[in-house]
Amino acid sequence: MNNLEENIVEKFGLEKINYDLLSRIDSSDILIKRKLLTYVRGSKELEEAINTKNFYVLTGVMPSFEKIHFGTFGVIKAVKFFQKSAKFSIVLVADVEAYLTRNIPYEKTKEIAYNIHIPTYLSLGLSEKTIFYFQSENKSLIKIATDVAKNITLNNFREVYGDISPERIYSSTFQIADILFPQLIRKIYPIIPVGIDQDPHLRLCRDYVRKTNSFDFLLPIGIYIKTIPSLSGEEKMSKSKPEDAIFLPEEENVLRKKIFSAFSGGGITIEEHRKKGANLDIDVCYRILEFVDESDKFYEMSEKYRKGEILSGEFKEYTFYVLQNFMREFREKLEYYRDFVKKGNIIEIHSIEELKEFIE
Ligand code: TRP
């Protein structure tokens, strides 16, 4: 457990993922086989959602940077997983939030989303039926966001976020509306895979659902995913340190350099490594491959590495080989999906009425 998780679990309680329950969606998915999901907010609701198959999966992306890195991989995989049984799935572009908290103009967000984020999400395996929208253009959010402002006090906001500003309050009312708005059609559970740093929004959203008299919504479910560490071994890969992240795609020579400089869980000396083997939990290459390498070779190589039968350099060579192939395939798909977006083939909505058309 890392620090952020520890804090949240201690202060606000979270429950472990019930893998038996999720196996019912697809027990062969690597997220399930390798236990790459960590916690859930709303385990009772998750059980109900899966038993009744009455749920949608939704997540949001804030394109504050022109590149996507491996840190985002887990969330996309999780959306893909729930998509297998969801009634429908939505990925929204948080352009209101990007403008308020990162000062990125709307046109810029749109350009980045069309060119990079949406094609990347589709290239990594999201269904072509995924529904997209931009916060600033979805007019059905307004009614809910307004009702959130009416029901949540400044103290509620402060409890959840600590440091509070008009920008953050406004973004947060939109985020809550994002999570809930499909229920303007009918009651259906929202499953929201996100980084655990988004848990405050889920808590606030659940508080709001319990409080409001204007709408009768089902409680949303937060699904949190194991992180991929930064190349120097910190908790989470992040765009604020580009030299410590692997981007999608990444140039082959840069990729090689980054992999070979990545923090390793191998022994300090060869002798020590042969004797004690590698600590896979803190090994950056292992933590990336866990999400990316679906082959049986992954188990064979990491077992050998764990036992000290192969050295960190050899494991890195293998990692490079896997990621090199991954990037080649990814680049091809990215090109395909850029074109797909340009031709207007994605499903993009602007209101609840349009959502209704696509799901019924
Ligand atoms: N706040 C999220 C981020 O920083 C983006 C986001 C906006 C979002 N609305 C959402 C995520 C709804 C999940 C659900 O990345």
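Counting starts at 1 for both ligands and their atoms, in listed order. Sequence positions, counted from 1, serve as the residue numbers for this chain.
- The backbone N or O of Leu126 sits nowhere less than 3.5 Å from a side-chain atom of Thr130 that would complete a donor-acceptor pair.
- The protein heavy atom nearest to atom 14 (C) of ligand 1 is Leu58 CD2, 3.7 Å.
- Ranking protein heavy atoms by distance to atom 13 (C) of ligand 1, first place goes to Gly60 N, 3.4 Å.
- The pair Glu66-Lys108 counts as a salt bridge, with a side-chain nitrogen and a carboxylate oxygen less than 4.0 angstrom apart.
- Listed by number with element, the atoms of ligand 1 under 4.0 Å from a non-hydrogen atom of Leu92 are 7 (C), 9 (N), 12 (C).
- We find that Lys241 and Glu234 are joined by a salt bridge, their nearest charged nitrogen and carboxylate oxygen being less than 4.0 Å apart.
- For ligand 1, the atoms sitting less than 4.0 Å from at least one non-hydrogen atom of Val194 are 11 (C), 13 (C), numbered in the order shown with element in parentheses.
- In the vicinity of Asp178, heavy-atom distances shorter than 4.0 Å reach the ligand 1 atoms 7 (C), 9 (N), 10 (C), 12 (C).
- A salt bridge does not link Lys110 to Asp95: none of the charged nitrogens lies less than 4.0 Å from a carboxylate oxygen.
- Against a heavy-atom cut-off of under 4.0 Å, Glu97 is close to the following atoms of ligand 1: 1 (N), 2 (C), 4 (O), 5 (C), 6 (C), 7 (C).
- We find that Glu290 and Lys226 are joined by a salt bridge, their nearest charged nitrogen and carboxylate oxygen being less than 4.0 Å apart.
- Under a 3.5 Å cut-off, the side chain of Gln324 and the backbone N or O of Glu252 do not form any donor-acceptor pair.
- Near Ala94, the atoms of ligand 1 lying under 4.0 angstrom from a non-hydrogen atom of the residue are 7 (C).
- Applying the 4.0 Å criterion to heavy atoms of Gln198 picks out, from ligand 1, the atoms 1 (N), 2 (C), 3 (C), 4 (O).
- A donor-acceptor pair shorter than 3.5 Å can be found between the side chains of Gln198 and Gln175.
- The heavy atom nearest to atom 10 (C) of ligand 1, considering only Gln175, Met62, Arg102, is found in Gln175.
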